[in-house]
Amino acid sequence: MKIGITCYPTYGGSGVIATELGKELALRGHQVHFISYALPFRLNNFIENVVFHEVEMSNYPVFEFPLYSLALASKMVEVAEYEKLDLLHVHYAIPHASSAFLAKEMLKGKNDIKIITTLHGTDITLVGLEPSFLPLVKFSIEKSDGVTAVSRFLKEKTLTNYDIEKDIQVIPNFVDTQLFTPNHDCSFRKNIAGKGEKILVHTSNFRQVKRVPDTIKIFEQVQKEIPSKLLLVGDGPERSECERLVRQLDLIDKVKFLGKQDGLVEILNASDVFLIPSQSESFGLAALEAMACGIPVVSSSVGGLPELVGHNECGFIAEIGDIERMTKYVIELLTNEKKYRIFSQNARERAVKKFDKNKVVPNYEDYYQKILDS
Ligand code: GMT
């Protein structure tokens with residue numbers, strides 16, 4: 001198949017999934033064309049069958065706001081016509097699904113094309129619900145030839161919040177479990193923590209929905225009981241506030257802000273427990289990557305997290321903001337070696353059995369075929 005993929009190319013789970021999917025499809029012999037404003041960050045080396053098309057933006061002074069959605073639609077038309085694409089798979093509804101709809105209309109009769117939209121999270125649960133976007137999101141979903149959601153939770157939310165009757169296929173996120181794999185000889189650990197010290201880790205884009213301050217407050221309680229360090233990976237709008245909180249709690253020597261990092265596997269392998277106390281999380285790809293490395297997860301009970309984590313199996317879940325309970329769970333894991341070992345094995349096994357890329361990517365291929373045949 002000849003597939004166009006559009007995603008946000010910067011840090012973020014939807015961009016990671018779109019890029020890894022494109023790479024995997026290319027390895028399986030499909031021709032993949034990424035269309036976006038920048039090279040997706042995980043597309044960092046040459047891969048046969050993968051081409052990147054940059055959407056160029058004009059700085060014309062009359063345009064007070066950049067017209068990216070329109071430039072994207074034009075680029076989609078150009079690539080679809082020139083490369084004879086069979087379908088456009090867009091990740092994150094706003095504005096990608098709307099641009100794709102426009103492109104499809106422009107291509108009608110010349111190069112008919114199918115559109116598949118994958119819903120990832122706040123495109124549905126937060127920003128999509130704003131009055132200025134809601135009608136457009138509903139329309140773009142209804143006009144897509146196929147729609148997938150990354151969890152059952154997100155599917156249900158879409159159907160109810162937007163009063164949509166369309167069939168939505170749940171295809172969960174996935175991970176390369178050969179890359180994200182346990183490695184107990186991780187040298188990085190020695191540089192971070194002393195002998196006997198435990199390491200908690202959190203990775204995110206530091207937006208409010210991630211509730212990073214809760215992570216810090218949980219750690220504050222844990223370190224009173226257990227010698228430990230906290231690694232905070234990633235960057236975003238809340239980081240300064242979090243750094244302020246760390247200073248205020250007098251934890252500077254124990255909390256390390258690592259910023260954006262490529263070497264995630266090594267960082268996860270240096271860690272003992274992954275914290276994700278989010279306010280909204282339609283799937284929680286970062287938690288899946290940790291699980292694949294055999295790291296138990298302590299999370300909030302929102303969105304798709306219960307579908308992923310499996311309470312009392314690969315980790316624990318608690319109500320949003322219940323710092324006391326999450327602290328208790330972390331301490332339980334770090335003080336009960338037998339339980340820790342079982343949870344760690346369960347986490348790895350669940351990632352391999354249910355969320356490995358070789359299990360999930362064929363679901364996308366089948367879905368593409370189903371939509372092309374429809
Ligand atoms: O929806 C967002 O806030 C952004 C998006 C992203 O690009 O990272 O995150 C969502 O998609 C990820 C990939 O499917 C999921 O793992 C995240 O749970 C989801 N984020 C939220 O729902 C907050």
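Being a predicted model, the structure only gives us computed values, none of them experimental. Whatever order the structure lists them in is the order used to number ligands and atoms, beginning at 1.
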Do NZ/NE/NH1/NH2 and the carboxylate oxygens of [X] and [Y] come within less than 4.0 Å?
X: Glu105; Y: Lys108; answer: yes
X: Lys328; Y: Asp322; answer: no
X: Glu319; Y: Arg325; answer: no

message = For a quick test of reading the model, state the closest non-hydrogen atom pair linking Tyr68 to Pro95 and the distance between them.
response = CD2-CG, 4.5 Å

key: Heavy-atom neighbours of Glu130 CD exceed 12 at 6.0 Å   =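 Counting neighbours around CD of Glu130, more than 12 heavy atoms of other residues, nucleotides or ligands fall under 6.0 Å, so yes.
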
Work out whether the distance between some heavy atom of [X] and some atom of ligand 1 is less than 4.0 Å.
X: His91; result: no
X: Gly303; result: no
X: Asn173; result: yes

inquiry  = Evaluate Phe283 for polar contact with ligand 1, using N/O atom pairs at a separation under 3.5 Å.
reply    = yes

Short list, please: which atoms of ligand 1 are under 4.0 Å from a heavy atom of [X]?
X: Leu285; result: 16 (O)
X: Gly121; result: 1 (O), 22 (O)
X: Tyr92; result: 1 (O), 2 (C), 4 (C)
X: Gly284; result: 15 (C), 16 (O), 17 (C), 18 (O)

Counting heavy atoms only, which of [options] comes nearest to [atom]?
atom: atom 22 (O) of ligand 1; options: Gly13, Ser282, Pro172; answer: Ser282
atom: atom 14 (O) of ligand 1; options: Arg207, His120, Lys210, Glu281; answer: His120
atom: atom 1 (O) of ligand 1; options: Val150, Thr122, Ile94; answer: Thr122

query = Is Ile35 linked to Met1 within one hydrophobic cluster, defined over Ile, Leu, Val, Met, Phe, Trp and Tyr using a side-chain heavy-atom separation of less than 4.5 Å?
reply =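 As far as the 4.5 Å side-chain criterion goes, Met1 and Ile35 are connected within one cluster.
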
inquiry  = With side chain to side chain contact (heavy atoms under 4.5 Å, CB included) as the criterion, how do Met326 and Asp214 come out once you've worked through the C-alpha distance, each side chain's angles and the decisive distance to 0.1 Å?
reply    = CA-CA 10 Å; Met326 291 190 217; Asp214 281 11; 5.5 Å; no

key: Tyr92 and its side chain to side chain donor-acceptor pair (under 3.5 Å) partner, picked from Thr122, Asp123, Thr6   = Thr122

